[in-house]
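A note on names: the letters A, B, ... follow the listed sequences, proteins ahead of strands, and every chain is numbered from 1.
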Number of protein chains: 2
Amino acid sequence: MGRTRHDRFDCSPGCAVEATLSLIDGKWKGVVLYHLMSGTMRFNEIRRKLPNVTQRMLTKQLRELEADGLITRKVFAQVPPRVDYDLSERGRTLEPVILALKTWGDANMPSTGSVAA
Amino acid sequence: MGRTRHDRFDCSPGCAVEATLSLIDGKWKGVVLYHLMSGTMRFNEIRRKLPNVTQRMLTKQLRELEADGLITRKVFAQVPPRVDYDLSERGRTLEPVILALKTWGDANMPSTGSVAA
DNA sequence: CGGAATCCCGTAGGATACTG
DNA sequence: CAGTATCCTACGGGATTCCG
């Protein structure tokens, strides 16, 4: 999306808005963070939640989230491999924001899937 | 950006998150919305708030926000022209979300401009 | 003043194949 | 299982010029 990954925020006070956005911008970051709010998840577990994501993209988004300190990545030295993803401390502080996005979407977006039965 | 402007959200419950994000994603939309929370603004007035935006981009972002029903555009038939931008009803409901983004950014992002003196 | 029209480019994101 | 490695392209975004 959006901005060229972490480019400088030249803006005035509203700057913080874009700064935060830059972290959760990325086609799948929002959903990933959302799902991780429910707890630890393995790679394919997350993947199953995003039917149309490719491994490449999911990996990339996860790595960026990790680089931004929002999630942690725990690799288990075993065969077959196992990698656990979790929200980091910092990531948890984002929960209200994610929830705000989700809540608004549910309430104001047409057919987001969470349509009342 | 993120996502290819309003592409389908194939995701599960977290979908709403991306749906909301798709509306405020765009390099300047967040800030624009933020500033409009303070009240009506003319084109160049907004522009002055975003030192590095080009007219083309600002126009584009404003048009998209308008198309998404988040802001209103009032054109005055006079010379020189005058165009007022406002948050729409729907746009106002986004305020909590924008504020959440801004608040988190201020608290968790390094040098966003709002650094404590 | 508030745009529209052009031209141009980087990169986010996808498709596919291979691997420890 | 959880990734890399390549290749490819659409489009988000910028620079510049012209217009009512």
Side-chain angles (χ1 to χ4, degrees), chain A residues 1-11 18 21-32 36 40-68 71-86, chain B residues 1-11 18 21-32 36 40-68 71-86:
Chain A
M1 130 92 335
R3 48 208 68 68
T4 310
R5 177 121 254 262
H6 291 197
D7 48 356
R8 281 297 63 99
F9 308 107
D10 27 25
C11 36
E18 299 295 337
L21 274 176
S22 77
L23 298 185
I24 56 189
D25 180 22
K27 198 166 180 182
W28 311 93
K29 293 188 186 175
V31 222
V32 168
L36 282 181
T40 306
M41 283 201 194
R42 299 183 52 172
F43 186 84
N44 278 341
E45 205 171 344
I46 299 177
R47 200 177 168 197
R48 253 169 261 128
K49 296 282 192 176
L50 299 322
N52 296 349
V53 77
T54 61
Q55 331 79 310
R56 178 174 130 64
M57 275 318 292
L58 183 52
T59 304
K60 219 174 133 203
Q61 305 276 308
L62 287 170
R63 289 291 145 79
E64 289 188 6
L65 287 171
E66 191 192 3
D68 288 333
I71 67 175
T72 60
R73 184 166 171 269
K74 214 174 304 173
V75 183
F76 295 82
Q78 39 178 258
V79 176
R82 167 181 170 179
V83 181
D84 282 3
Y85 288 96
D86 274 288
Chain B
M1 159 163 49
R3 49 209 68 68
T4 309
R5 174 122 256 262
H6 290 196
D7 49 356
R8 280 297 62 97
F9 308 107
D10 27 25
C11 38
E18 298 296 336
L21 273 175
S22 77
L23 298 184
I24 56 189
D25 180 21
K27 198 166 180 182
W28 312 93
K29 293 188 186 175
V31 220
V32 168
L36 282 180
T40 306
M41 284 202 196
R42 298 183 55 172
F43 186 83
N44 278 342
E45 204 170 345
I46 299 178
R47 201 177 167 196
R48 254 169 261 128
K49 296 281 191 176
L50 299 326
N52 296 348
V53 76
T54 61
Q55 332 78 313
R56 179 174 129 65
M57 276 317 295
L58 183 53
T59 305
K60 220 174 133 203
Q61 305 276 308
L62 287 170
R63 289 290 145 80
E64 290 187 6
L65 287 171
E66 190 192 3
D68 288 332
I71 66 174
T72 60
R73 183 164 173 272
K74 214 174 305 172
V75 184
F76 296 82
Q78 40 177 259
V79 177
R82 167 182 171 177
V83 180
D84 280 3
Y85 288 96
D86 273 289

In whole Å, I'd like the distance from the [atom1] atom of [X] to the [atom2] atom of [N].
X: K29(B); N: dG12(D); atom1: NZ; atom2: C1'; answer: 11 Å
X: I71(B); N: dG2(C); atom1: CD1; atom2: P; answer: 14 Å
X: E64(B); N: dG12(D); atom1: CD; atom2: P; answer: 7 Å
X: L58(A); N: dT4(D); atom1: CG; atom2: P; answer: 11 Å
X: E45(B); N: dC1(C); atom1: CD; atom2: C1'; answer: 13 Å
X: E66(A); N: dG3(D); atom1: CD; atom2: C1'; answer: 13 Å
X: K27(A); N: dT9(D); atom1: NZ; atom2: C1'; answer: 14 Å
X: Q78(A); N: dG3(D); atom1: CD; atom2: P; answer: 13 Å

Short side-chain N/O contact from [X] to OP1 or OP2 of [N], under 4.0 Å:
X: R82(A); N: dG20(C); value: no
X: R63(A); N: dT4(D); value: yes
X: Q61(A); N: dG13(C); value: yes
X: R48(B); N: dC1(C); value: no
X: K60(B); N: dG3(C); value: no
X: Y85(B); N: dG3(C); value: yes
X: R56(A); N: dG13(C); value: no

task = Look at the side chain of N44(A) and decide which nucleotide, out of dG14(D), dG3(C), dA2(D), has an atom nearest to it.
result = dA2(D)

Out of dA15(C), dG13(C), dG14(D), whichever nucleotide has its closest atom nearest the side chain of M57(B) = dG14(D)

note = Closest to the 5' end of DNA chain C, once R42(B) and Q55(A) are matched to their nearest nucleotides, is R42(B)

key: Heavy-atom check, side chain of R73(A) versus side chain of V75(A), under 4.5 Å   = yes

query = W28(B) pairs by side chain to side chain contact (heavy atoms under 4.5 Å, CB included) with which of I46(B), L50(B), L65(B)?
reply = L50(B)

Working to the nearest 0.5 angstrom, can you tell me the gap between [X] [atom1] and [Y] [atom2]?
X: Q61(B); Y: R56(B); atom1: CD; atom2: CZ; result: 10.0 Å
X: R63(B); Y: I71(B); atom1: CZ; atom2: CD1; result: 9.0 Å
X: Y85(B); Y: T40(B); atom1: OH; atom2: OG1; result: 12.5 Å
X: R47(B); Y: T54(B); atom1: CZ; atom2: OG1; result: 7.5 Å
X: M41(A); Y: R48(A); atom1: CE; atom2: CZ; result: 10.0 Å

task = Answer with base, sugar-phosphate or nothing: what part of the nucleic acid does P80(B) contact at a heavy-atom distance below 4.0 Å?
result = sugar-phosphate

task = Identify whether any heavy atom of R47(A) sits under 4.0 Å from a base atom; if not, whether one sits that close to sugar-phosphate; answer base, sugar-phosphate or nothing.
result = nothing

message = Using C1' atoms of five pairs at each end, report the bend of the helix from dC1(C)-dG20(D) to dG20(C)-dC1(D) rounded to 10 degrees.
response = 60°

key: Check against side-chain contact (heavy atoms from CB on, under 4.5 Å), K29(A) and E64(A)   = CA-CA 9 Å; K29(A) 293 188 186 175; E64(A) 289 188 6; 2.7 Å; yes

